[in-house]
A.B. asks: 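Dropping a structure here in structure tokens format, bear with me for questions.
What you are looking at is a predicted structure, and each value in this text was computed from that prediction instead of being measured. Just so it is clear, the values below take in all heavy atoms, side chains as well, and ignore hydrogens, waters and symmetry mates.
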Amino acid sequence: MLSKLFKKKSSVPEVVIDHSFDQGVYDVINESGLFDEAFYTSLIDTTLPYETPLAHFVAVGHAQKLSPCAHFSTTYYLAQNADVKEAGMNSLAHYIRHGEAEGRCPNAYFNPHRYLELNPDLAQFDKTLLLHYVVFGRDEGRRFIYPAVEQKEINDDPYAKWIHANECETYQQIKSGLESFKHNPLISIVVPVYNPDEQLLVDCIESVLAQSYTNWELCLADDKSPKPHVRKVLKAYARKDSRIKPIYRSKNGHISAASNSALQKARGEWIALLDHDDELHQHALFHVVNAINEKPDVQLIYSDEDKIDQSGKRIDPHFKSDWNLDLLYSQNYVSHLGVYKTDIMNKISGFRLGYEGSQDYDLLLRYSREIDHANIVHIPKVLYHWRMVEGSTALGSGEKSYTTAAGIKALEDHFEALGQSVSVEMGKHDNIYKVNWAIENEPLVSLIIPTYNGYEITKQAIDSIIEKSTYRNFEILLVDNNSNDPTALEYFDEIDQHDKVKVLRYPYPFNYSAINNFAAKLANGEIIGLINNDVEVINPEWLTEMVSHAQREDVGCVGAMLYYPNDTIQHAGVIIGIGGVGGHSHKHFKRGDHGYFSRLNTVQNLSAVTAACLLVRKSVFNEVNGLNEEELTVAFNDVDFCLKVQAAGYRNLWTPYAELYHHESISRGAEDNPEKIARFNQEMEYMINTWQTNKKQDPCYSVNLTKVREDFTVEV
């Protein structure tokens, strides 16, 4: 074999052959797919007497620390793994045989353990995960993570890159915009002041003076600060600029009272709220007034925000969704920058005493009852910078522990004013809320479960529903689609005798949409549940939670939290546009992760949820003519259905308080043959043509977040 691999060429000098050549090493690398002949050939003298480049690598190249491909660094691997170096082993062969399984990294940016953790469906991939990433993963937008030591060096700062790419308005662009405004309203910036650090107060005021839009007034109410520099600074700036109007309260009354004092001074058409140690972006008011000119009937404006750490660096951007009422009921995601109509602020008498800590939240909830929600504008730009200082909620909710109780009180008052029968409690952590909606008359729920064979998973699904669900007024419609397994058929006959189960036969070719439409016509329930046969109930209150929302007259589809069996997230709602049509929010995150600004912990409106577990009122199902059984027989029918429901004027909703396992696609298999792939592509094309999913922005997401991955990372 050596003579075959080390064939000498008469035209080149004699070379020393490494007789420690290991045929096993050659074979394992050759079969791995990780050796890139073209790449390696570019590194060596091709006249050397080796029949193949791989033979050269095994014999002498590895000893010279040459890399076998662009994605495996021999130098890095040996530097990181002294045991491999000391043993004189071939690093690539070691990685293939042992290293990847041990979590060793082939280069400075790829971590195989984290890649598998984030992509658990690859557990049975029969080659290395590095090969999967190189050949498939990058194009599929799969997530991976850099080793901590290398992350800053490799990835730099994504948010800094975003700032550089997105906050690049030129002086001429701003000037031109200002000149184009037909309406230039006075904006009153309201600031309650109490004992801020002198420099931070100066920075706050300077950020207002730096505004490119100049028709503003700054109303600051000093809440009898004991520190003498506060009054000194305010008086100095009042002398400097007549637009700065300080008020000095005679007694300390806390933030709501101080804010109201500042409001009394306001003469502007609009009120912008600013904290005494925070800053406005230079063009904050410019973008606000631009929004007012673009939508003259606007009644509420809010923007994205970030934080300034104690070193002065901008970090932690919050890129928000457009108006998201159920997310608002779970947390004050609107926060800053918030800009309000002065006449409406006066109508509701400004801030209420007794809600300190969540006074902005209480204000927003009361304000929202006075306006048309269609007249709310979200500006997807970072216009507000929270300062991370001791005592600020920018450092964490624990800094102000009373805020959660005040938020609960504000929500309770809000729903009482609306005449809604709810109870409110703290959610999964501080400053997160859970609104419990009362169920009226305990409606019958028809749970439709299509199946083809799948005895074990179908039985597991049905048993878990029957045995674990505390909500008991349901029927299960098990739809058999041409099953031929004797065990499954015997089970179907047996379960058909259960008083909560009815087996229906659908003896036609598989068409997921048609199967569910067929069963829906036979459903007795006021609420329909579209349920996969490969789910498994986790928490007993899952159905109670989903029914409580599905019964709400302004809510359409209700989705649940679904986990893979390894306790990573399979589904936390659908984000439209990811991958061209839609992707699952926070897919592969660990169970218990908070997610992007706690969105894994909060009930929220989303454009779509998966029909693996979806509840909807039968009247709404019929209103939009059910699922599309003509163009969408297998894929995307649930997304299409949700978008139809949304277009009909309902809010779709996802809740983390209904939890199930999802043993995804066990019974039907993968889209892995030419016919299935062609059908999938056709259905994807239908979605893009019908809903412009590749172009239109999902209002429940952000234009500033990625559409390549499902992890809410910044789009650079």
A.B. asks: With distance as the sole criterion, is a donor-acceptor pair present between the side chains of Trp216 and Ser188 under 3.5 Å?
C.D. replies: no
A.B. asks: State, without any angle test, whether Glu269 and His183 hold a side-chain donor-acceptor pair at a distance under 3.5 Å.
C.D. replies: yes
A.B. asks: Under a 4.5 Å cut-off applied to non-hydrogen side-chain atoms, are Ser321 and Pro699 in contact?
C.D. replies: no
A.B. asks: If you apply the rule salt bridge (Lys or Arg N to Asp or Glu O under 4.0 Å), what do you find for Asp593 with Arg599, and how did you get there?
C.D. replies: CA-CA 10 Å; Asp593 280 352; Arg599 288 190 67 163; over 6 Å; no
A.B. asks: So, for Gln551 and Ile527, which heavy atoms are closest and what is the spacing to 0.1 Å?
C.D. replies: N-CD1, 4.5 Å
A.B. asks: Please tell me whether Tyr384 and Asp278 have a donor and an acceptor in their side chains that are separated by less than 3.5 angstrom.
C.D. replies: yes
A.B. asks: For residues Val609 and Val558, report the shortest heavy-atom separation together with the two atoms involved.
C.D. replies: CG2-C, 4.1 Å
A.B. asks: Should Arg591 and Asp567 be marked as a salt bridge (Lys or Arg N to Asp or Glu O under 4.0 Å) after you check the CA-CA gap, both sets of side-chain angles, and the distance that decides it?
C.D. replies: CA-CA 5 Å; Arg591 182 176 178 180; Asp567 284 323; 3.1 Å; yes
A.B. asks: Under 4.5 Å between any side-chain heavy atoms of Trp437 and Tyr329, yes or no?
C.D. replies: yes
A.B. asks: For residues Cys642 and Asn652, report the shortest heavy-atom separation together with the two atoms involved.
C.D. replies: O-ND2, 2.9 Å
A.B. asks: Can Asp241 and Arg243 be said to form a salt bridge (Lys or Arg N to Asp or Glu O under 4.0 Å), step by step?
C.D. replies: CA-CA 5 Å; Asp241 194 308; Arg243 295 172 297 176; 2.8 Å; yes
A.B. asks: Who are the side chain to side chain donor-acceptor pair (under 3.5 Å) partners of Thr568, not counting sequence neighbours?
C.D. replies: Asn566
A.B. asks: Between Arg267 and Glu217, is any pair of side-chain heavy atoms under 4.5 Å apart?
C.D. replies: yes
A.B. asks: Can a donor-acceptor pair be found between the side chains of Asn332 and Ser335 at a distance below 3.5 Å?
C.D. replies: no
A.B. asks: Apply the test side-chain contact (heavy atoms from CB on, under 4.5 Å) to residues Glu370 and Gln299: give CA-CA distance (whole Å), side-chain angles for both, the deciding distance (0.1 Å), then the verdict.
C.D. replies: CA-CA 9 Å; Glu370 304 294 331; Gln299 295 176 295; over 6 Å; no
A.B. asks: With a 4.5 Å heavy-atom cut-off, do Ile292 and Asn290 have their side chains touching?
C.D. replies: no
A.B. asks: At their closest point, which heavy atom of His336 faces which heavy atom of Leu273, and how far apart are they?
C.D. replies: ND1-O, 3.8 Å
A.B. asks: So do Lys428 and Pro656 actually touch side chain to side chain, heavy atoms under 4.5 Å?
C.D. replies: yes
A.B. asks: Return the OG1 to CG distance between Thr713 and Leu705, rounded to the nearest 0.5 Å.
C.D. replies: 7.5 Å
A.B. asks: Start with the C-alpha gap between Thr470 and Glu541, add the side-chain angles, then the distance that decides, and say whether side-chain hydrogen bond (donor to acceptor under 3.5 Å, both in side chains) holds.
C.D. replies: CA-CA 6 Å; Thr470 53; Glu541 298 297 320; 3.0 Å; yes
A.B. asks: Taking ring pair (Phe, Tyr, Trp, His ring centres under 6.0 Å) as the definition, give me every residue that meets it alongside Tyr701, ordered by chain and number, with sequence neighbours left out.
C.D. replies: Phe712
A.B. asks: Could you go through Leu220 and Ile205, starting from their C-alpha distance and side-chain angles, then the distance that decides it, and tell me whether this counts as side-chain contact (heavy atoms from CB on, under 4.5 Å)?
C.D. replies: CA-CA 10 Å; Leu220 305 110; Ile205 297 172; 4.3 Å; yes
A.B. asks: Are a donor atom and an acceptor atom from the side chains of Arg366 and His414 found within less than 3.5 Å of each other?
C.D. replies: no
A.B. asks: For a 4.5 angstrom cut-off between non-hydrogen side-chain atoms, does Lys320 reach Glu305?
C.D. replies: yes
A.B. asks: Please walk me through it: do Tyr433 and Tyr361 pass ring-ring contact (aromatic ring centres under 6.0 Å, His included)?
C.D. replies: CA-CA 12 Å; Tyr433 312 102; Tyr361 191 35; 5.4 Å; yes
A.B. asks: Yes or no on ring-ring contact (aromatic ring centres under 6.0 Å, His included) for Tyr340 and Tyr367, after CA distance, side-chain angles and deciding distance?
C.D. replies: CA-CA 9 Å; Tyr340 302 80; Tyr367 190 96; 4.9 Å; yes
A.B. asks: So do Asp203 and Ile308 actually touch side chain to side chain, heavy atoms under 4.5 Å?
C.D. replies: no
A.B. asks: May I ask you to check whether Glu425 and Asn436 show a side-chain donor-acceptor distance below 3.5 Å?
C.D. replies: yes
A.B. asks: Does Lys409 qualify as a cation-pi partner of Tyr355, given the criterion of NZ or CZ under 6.0 Å from the six-membered ring centre and within 45 degrees of its axis?
C.D. replies: yes
A.B. asks: Quick one: side chain to side chain donor-acceptor pair (under 3.5 Å) partners of Asp309, sequence neighbours excluded?
C.D. replies: Ser311
A.B. asks: Going through the checks in order, is the salt bridge (Lys or Arg N to Asp or Glu O under 4.0 Å) test met by Lys707 and Glu715?
C.D. replies: CA-CA 8 Å; Lys707 286 190 176 180; Glu715 178 63 54; over 6 Å; no
A.B. asks: Quick one: does Val334's side chain get under 4.5 Å of Trp323's, heavy atoms only?
C.D. replies: yes
A.B. asks: Going through the distances and angles, do Arg651 and His549 end up as a side-chain contact (heavy atoms from CB on, under 4.5 Å)?
C.D. replies: CA-CA 11 Å; Arg651 298 194 316 279; His549 292 295; over 6 Å; no
A.B. asks: Applying salt bridge (charged side-chain N to carboxylate O under 4.0 Å, His left out), name anything that partners Lys235, two or more places apart in sequence or on another chain.
C.D. replies: none
A.B. asks: Do you know the tightest heavy-atom contact between Tyr333 and Asp322?
C.D. replies: OH-O, 3.2 Å
A.B. asks: Do Asp306 and Tyr159 have side-chain N/O donor and acceptor atoms under 3.5 Å apart?
C.D. replies: yes
A.B. asks: Could you tell me whether the side chains of Glu545 and Thr655 share a donor-acceptor contact shorter than 3.5 Å?
C.D. replies: yes
A.B. asks: So, Gln264 versus Asn260: side-chain donor-acceptor pair below 3.5 Å or not?
C.D. replies: no
A.B. asks: Do Phe181 and Phe286 have ring centroids that are under 6.0 Å from one another?
C.D. replies: yes
A.B. asks: Please test Thr602 against Gln331 for side-chain hydrogen bond (donor to acceptor under 3.5 Å, both in side chains), starting from the C-alpha separation and ending with a verdict.
C.D. replies: CA-CA 8 Å; Thr602 50; Gln331 63 174 171; 4.6 Å; no
A.B. asks: Decide yes or no on side-chain contact (heavy atoms from CB on, under 4.5 Å) for His283 and Gln211, but give the supporting numbers first.
C.D. replies: CA-CA 6 Å; His283 303 309; Gln211 289 299 300; 5.9 Å; no
A.B. asks: Quick test of your reading: applying ring-ring contact (aromatic ring centres under 6.0 Å, His included), list the pairs with at least one residue in residues 230-271, sequence neighbours left out, ordered by first then second residue.
C.D. replies: none
A.B. asks: For Glu206, what residues pass the salt bridge (charged side-chain N to carboxylate O under 4.0 Å, His left out) criterion, not counting sequence neighbours?
C.D. replies: Lys240
A.B. asks: As a quick check of understanding, evaluate side-chain hydrogen bond (donor to acceptor under 3.5 Å, both in side chains) for Asn184 and Asn215, giving each step before the final call.
C.D. replies: CA-CA 7 Å; Asn184 292 276; Asn215 192 21; over 6 Å; no
A.B. asks: Locate the shortest heavy-atom distance separating Asp223 from Tyr194; write the atom from each residue and the value.
C.D. replies: O-CD1, 3.3 Å
A.B. asks: Yes or no on ring-ring contact (aromatic ring centres under 6.0 Å, His included) for His281 and His287, after CA distance, side-chain angles and deciding distance?
C.D. replies: CA-CA 10 Å; His281 186 277; His287 290 296; 7.1 Å; no
A.B. asks: His378 and Asp304: side-chain hydrogen bond (donor to acceptor under 3.5 Å, both in side chains), yes or no, with the steps?
C.D. replies: CA-CA 8 Å; His378 164 227; Asp304 296 344; 2.7 Å; yes
